[in-house]
Amino acid sequence: MKKVMAALFCGIMAAAIAVPAHAEKIGVSMPTKDLQRWNQDGDNMQKELEAAGFEVDLQYASNDVNTQLSQIENMISEGANVLVIAAIEGSSLGEALDMAAENEIPVIAYDRLLMDSDAVSYYATFDNYMVGTVQGTYIKDTLDLDNAEGPFNLEVTAGDPGDNNARYFYQGAIDVLQPYIDAGKLVIPSGQVEFDVVATPTWATETAQSRADNIIGSYYADGTNIDAWLCSNDSTALGVENSLEANYTGTYPIVTGQDCDIQNTKNMIAGKQSMSVFKDTRTLASQVVKMVGQIINGEEVDVNDTETYNNNVIVVPSFLCEPVFADINNYKELLIDSGYYTEDQLQ
Ligand code: BGC
């Protein structure tokens with residue numbers, strides 16, 4: 001497989017790709033319909049791949065690893081020429097990936113890295129570490145940690161340990177905040193900060209909510225203020241926000257998120273969430289469609305990172321798109337003016 005360090009932009013139009021006369025089949029495997037973003041990712045991929053002349057086999061796996069395995073195996077039996085996979089659990093698709101390799105089918109890991117396999121050709125994602133950096137920096141700047149006296153109280157909710165991204169998000173944010181924790185300017189009253197302790201299996205809102213219920217009940221029932229709650233994404237932020245609403249009486253904290261899901265954007269407008277990291281799913285889909293076209297046409301495939309994403313077997317050549325933060329001040333421009341949402345969707 002050919003690689004090149006050349007890609008400049010994410011937003012390349014699918015229409016520009018030259019496709020062979022007969023339609024090649026692209027299998028697109030998505031983790032779940034339960035979270036808004038994967039529906040958007042799937043829809044965008046399908047639209048753009050079809051516009052580029054490909055046939056598309058799009059499947060959602062209900063967050064069930066065995067379902068995803070058999071869906072991918074099916075795609076291979078049905079003659080997929082390229083596979084695009086957003087894994088439920090990065091390490092659990094070995095059998096399907098072996099089968100893809102035996103059939104010489106290139107595989108693009110979509111958004112989440114596929115682990116423990118040499119049958120992964122490329123990885124396309126938003127820069128996961130940078131997502132965390134953006135969240136951590138938002139907390140640092142909003143609390144003015146370099147100048148304010150503090151100390152400030154912080155709690156942390158991270159993502160799914162089975163999703164390789166979750167540790168990058170966590171680490172990016174913690175690397176920004178750690179110096180202030182070490183200096184005593186940020187204090188974590190629950191003492192819960194290690195990734196394994198703050199992780200949220202399957203990114204479930206209910207799990208994040210019940211952990212927040214426990215923390216608020218145990219450490220903040222006496223009126224102690226929470227100044228910031230670092231949440232790795234919107235589904236976990238939603239759980240924390242529900243819990244704050246039900247249990248917490250102090251000054252409302254900074255709450256971070258990721259994805260700009262509709263409910264979270266509404267919460268942002270209502271002052272219940274401070275920011276979300278915006279990862280425009282249209283941008284990622286366009287980039288992946290471009291990479292698929294390059295693979296099919298035997299061209300060099302654009303990547304811009306050949307060092308960061310080691311899946312325990314190989315370093316997977318990657319294309320990292322750049323995430324940006326959204327808050328009450330810029331959400332209109334980012335989300336409405338760009339056509340991502342209509343104003344009505346956010347009412
Ligand atoms: C994605 C996030 C998403 C999370 C939960 C991660 O792999 O990068 O955008 O919020 O999964 O679905």
Side-chain angles (χ1 to χ4, degrees), residues 10 29-45 60-65 68 84-93 108-115 123-135 157-173 195 198-209 230-241 255-265 267-268 273 275-285 287-288 308-309 311 316 318-326 335 340:
C10 294
S29 171
M30 289 283 139
T32 174
K33 279 195 162 223
D34 288 354
L35 246 74
Q36 185 197 318
R37 74 151 292 180
W38 303 112
N39 293 281
Q40 280 171 304
D41 286 282
D43 285 353
N44 290 335
M45 288 289 301
Y60 290 86
S62 311
N63 254 344
D64 180 67
V65 172
Q68 187 163 41
V84 178
I85 302 173
I88 296 163
E89 254 180 41
S91 308
S92 303
L93 296 177
I108 301 178
Y110 184 95
D111 191 85
R112 297 172 170 175
L113 187 56
L114 292 158
M115 304 301 290
Y123 179 35
T125 189
F126 280 85
D127 186 329
N128 295 304
Y129 184 84
M130 194 188 286
V131 168
T133 306
V134 169
Q135 294 167 333
T157 296
D160 182 357
D163 177 354
N164 189 56
N165 289 356
R167 286 171 203 274
Y168 283 93
F169 301 146
Y170 169 85
Q171 206 53 55
F195 177 80
V198 300
T200 312
T202 74
W203 299 92
T205 298
E206 303 70 34
T207 310
Q209 185 166 342
L230 170 71
C231 297
S232 284
N233 86 329
D234 278 357
S235 61
T236 54
L238 205 56
V240 168
E241 287 151 25
V255 180
T256 66
Q258 164 183 201
D259 293 333
C260 290
D261 282 351
I262 288 179
Q263 187 52 51
N264 296 74
T265 308
N267 278 5
M268 211 152 73
Q273 180 167 325
M275 62 84 78
S276 189
V277 178
F278 181 45
K279 306 194 299 187
D280 192 329
T281 51
R282 298 168 300 189
T283 304
L284 186 56
Q287 175 60 24
V288 172
T308 309
Y309 287 98
N311 77 351
V316 183
S318 304
F319 192 99
L320 310 184
C321 301
E322 201 172 310
V324 292
F325 83 82
L335 303 176
Y340 200 71

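Read the numbers this way: they start at 1 and go in the same order the structure lists the ligands and their atoms.
- Atom numbering of ligand 1 starts at 1 in the shown order; those under 4.0 Å from a heavy atom of Asn233 are 3 (C), 4 (C), 5 (C), 10 (O).
- Under the 3.5 Å distance criterion, with hydrogens and angles disregarded, a donor-acceptor pair is assigned to the side chains of Tyr340 and Thr281.
- Nearest non-hydrogen protein atom to atom 7 (O) of ligand 1 is Asp163 OD2, 2.5 Å.
- For ligand 1, the polar-atom distance check against Arg37 finds a nitrogen or oxygen pair separated by under 3.5 Å.
- Contact atoms of ligand 1 toward Phe169: 8 (O) (distance under 4.0 Å to a heavy atom of the residue).
- For the residue pair Asp163/Trp203, the side-chain donor-acceptor check at 3.5 Å is satisfied.
- Here the heavy atom of the protein found nearest to atom 4 (C) of ligand 1 is Trp203 CE2, 3.5 Å.
- At a heavy-atom cutoff of 4.0 Å, ligand 1 is contacted by no atom of Tyr110, backbone or side chain.
- Of all atoms in ligand 1, listed by their number and element, those nearer than 4.0 Å to a heavy atom of Lys279 are 1 (C), 2 (C), 8 (O), 9 (O).
- If you look at Phe126 next to ligand 1, there are no close heavy atoms at all, none under 4.0 Å.
- Remark: ligand 1 atoms within the under-4.0 Å shell around heavy atoms of Leu35 are 5 (C), 12 (O).
- Interface atoms of ligand 1 facing Trp38, defined by a heavy-atom separation under 4.0 Å, are 11 (O), 12 (O).
- The single protein non-hydrogen atom nearest to atom 8 (O) of ligand 1 is Asp111 OD2, 2.6 Å, given as residue, atom name and distance.
- For Arg37 and Asp234, the salt-bridge test fails: no basic side-chain N is under 4.0 Å from an acidic carboxylate O.
- Side-chain atoms of Tyr309 and Asn128 form a donor-acceptor pair, as typed in the model, at a separation below 3.5 Å.
- The nearest heavy-atom contact from the protein to atom 10 (O) of ligand 1 is Asp259 OD2, 2.5 Å.
- Nearest protein heavy-atom contact of atom 11 (O) of ligand 1 is Arg112 NH2, 2.8 Å.
- Scanning all heavy atoms of the two residues, the minimum distance from Gln135 to Thr256 falls at O-CG2, 4.0 Å.
- For the residue pair Asp64 and Ser62, no side-chain donor N or O sits within less than 3.5 Å of a side-chain acceptor on the partner.
- With rounding to the nearest 0.5 angstrom, the CD1 atom of Ile108 is 13.0 Å from the OH atom of Tyr123.
- Asp111 and Asn165 share a side-chain donor-acceptor pair at under 3.5 Å.
- Taking the ring centroids of Tyr168 and Phe126, they lie at or beyond the 6.0 Å cut-off.
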